[in-house]
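Here the structure is laid out as C-alpha cells; the discussion comes afterwards.
Fair warning: this is a prediction, and the values are worked out from it, not measured in the lab. Each chain gets a letter, A, B and so on, in the order its sequence line appears, and its residues count up from 1.
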Amino acid sequence: AQSVTQLGSHVSVSEGALVLLRCNYSSSVPPYLFWYVQYPNQGLQLLLKYTTGATLVKGINGFEAEFKKSETSFHLTKPSAHMSDAAEYFCAVRNTGGFKTIFGAGTRLFVKA
Amino acid sequence: GAGVSQTPSNKVTEKGKYVELRCDPISGHTALYWYRQSLGQGPEFLIYFQGTGAADDSGLPNDRFFAVRPEGSVSTLKIQRTERGDSAVYLCASSLQLAGQETQYFGPGTRLLVL
C-alpha cells in the first residue's frame, strides 16, 4: 500500500531563508510524486511533479524537489522564502500503474518578516 | 479559461438529512476525482470517473455515499443520512485524461457542516 509522510506539521522560516519541507513515501512500484500548495480559501494548486527522467524537478514560484529513490524521499526546497510563500503544502504519491492519489497530512509554512 | 467549480461553497445541514454536492470540471477533461479533506489532514481519495463510469469507488467510506456523472461532465456527490463525522471539505478535481502522470486541477471545495 502507498503512503506519504510529511515530517513537521508546521515549519517556520524567516523571509529570505531556505525553505525545506520534507516528504517520504512508500510505494511498491515506481511512483509519480507531486507537491501541491493550498493558500487560504483557495483550491489546491500543483507546484511540481516527478514522473520520469530527471530527478531534480523545478516548479513554479522558485520551488524545486529532488526524487531520491534510495531514500524514498521527495523533499521540497526554495532557496529564499518570501512572505507570499506562507501556505499549506501537500506531498502526494500515485502508482505508475494506477490513478488513486495518496496525500500526506500537509505542512503549514510560516514566513516571518 | 474556467477552472473547476464546485457548488455550493458552503453547506450546513442537520444530522440525518440528504445532501448533494456538485462539481463542474474543466471543459474537455475526461477524468474526474472526488476527495474529502478533514481538518488538519490531507485530501483523502473517494472516487474517480473516466467519462461516465466510476473507475474506482474504493474510497467511498460506506453506502451512504454515492456519486454520479451521467453525461461525462458534471458530477454530483450524494450523501444520505448525514452524520456529524461527514463534516469536511469535499474537493473535486479533473484531468485531461485518466493517466498516472496527468495533472489534476482542483476546485475550491464545498465545506460541509453537519449539525
Turns out that what part of Y36(A) lies under 4.5 Å from chain B's heavy atoms comes down to side chain

Contact class of Q38(A) relative to chain B, heavy atoms under 4.5 angstrom = side chain

Distance-only, no hydrogens or angles: does the R94(A) side chain make a donor-acceptor pair with backbone N or O of E102(B) under 3.5 Å?
-> yes

Most chain B-contacting option - heavy-atom pairs closer than 4.5 Å, from V4(A), I102(A), L44(A) = L44(A)

Y35(B) versus chain A, heavy atoms under 4.5 Å apart: side chain, backbone, both or neither?
-> side chain

Provide the closest heavy-atom pair for K100(A) versus Y48(B) in the form atom of the first, atom of the second, distance.
-> N-CE2, 4.1 Å

Return the option, out of Q6(B), R111(B), Q104(B), with the maximum number of heavy-atom pairs under 4.5 Å with chain A.
-> Q104(B)

For the residue pair Q41(B) and F90(A), what are the closest heavy atoms and their distance?
-> O-CE2, 3.8 Å

Is V19(B) reachable from Y90(B) through a run of I, L, V, M, F, W or Y residues, each pair having side-chain heavy atoms under 4.5 Å apart?
-> yes

Identify whether L21(A) and M83(A) are in the same connected component of the hydrophobic contact network (ILVMFWY, side-chain heavy atoms under 4.5 Å).
-> yes

Enclosure of F65(B) CZ (heavy-atom neighbours >12, cutoff 6.0 Å) = yes

Quick one: OH on Y32(A) to OG1 on T103(B), what's the gap to the nearest 0.5 Å?
-> 11.5 Å

Side-chain heavy atoms under 4.5 angstrom apart, residues restricted to Ile, Leu, Val, Met, Phe, Trp, Tyr: same cluster for L48(A) and F34(A)?
-> no

Answer with side chain, backbone, both or neither: which region of K49(A) has an atom nearer than 4.5 Å to a non-hydrogen atom of chain B?
-> side chain

Got a sec: does the OH of Y105(B) have more than 12 other heavy atoms crowding it under 6.0 Å?
-> no

What part of L46(A) is in contact with chain B, defined as an atom under 4.5 angstrom from a non-hydrogen atom: side chain, backbone, both or neither?
-> side chain

What distance do F106(B) atom CZ and Q45(A) atom CD have between them, rounded to the nearest 0.5 Å?
-> 12.0 Å

Select, from S9(B), G109(B), G40(B), G42(B), the one with the greatest count of heavy-atom pairs under 4.5 Å involving chain A.
-> G42(B)

Within a reach of under 6.0 Å around CG of L39(B), are more than 12 heavy atoms found that belong to other residues, nucleotides or ligands?
-> no

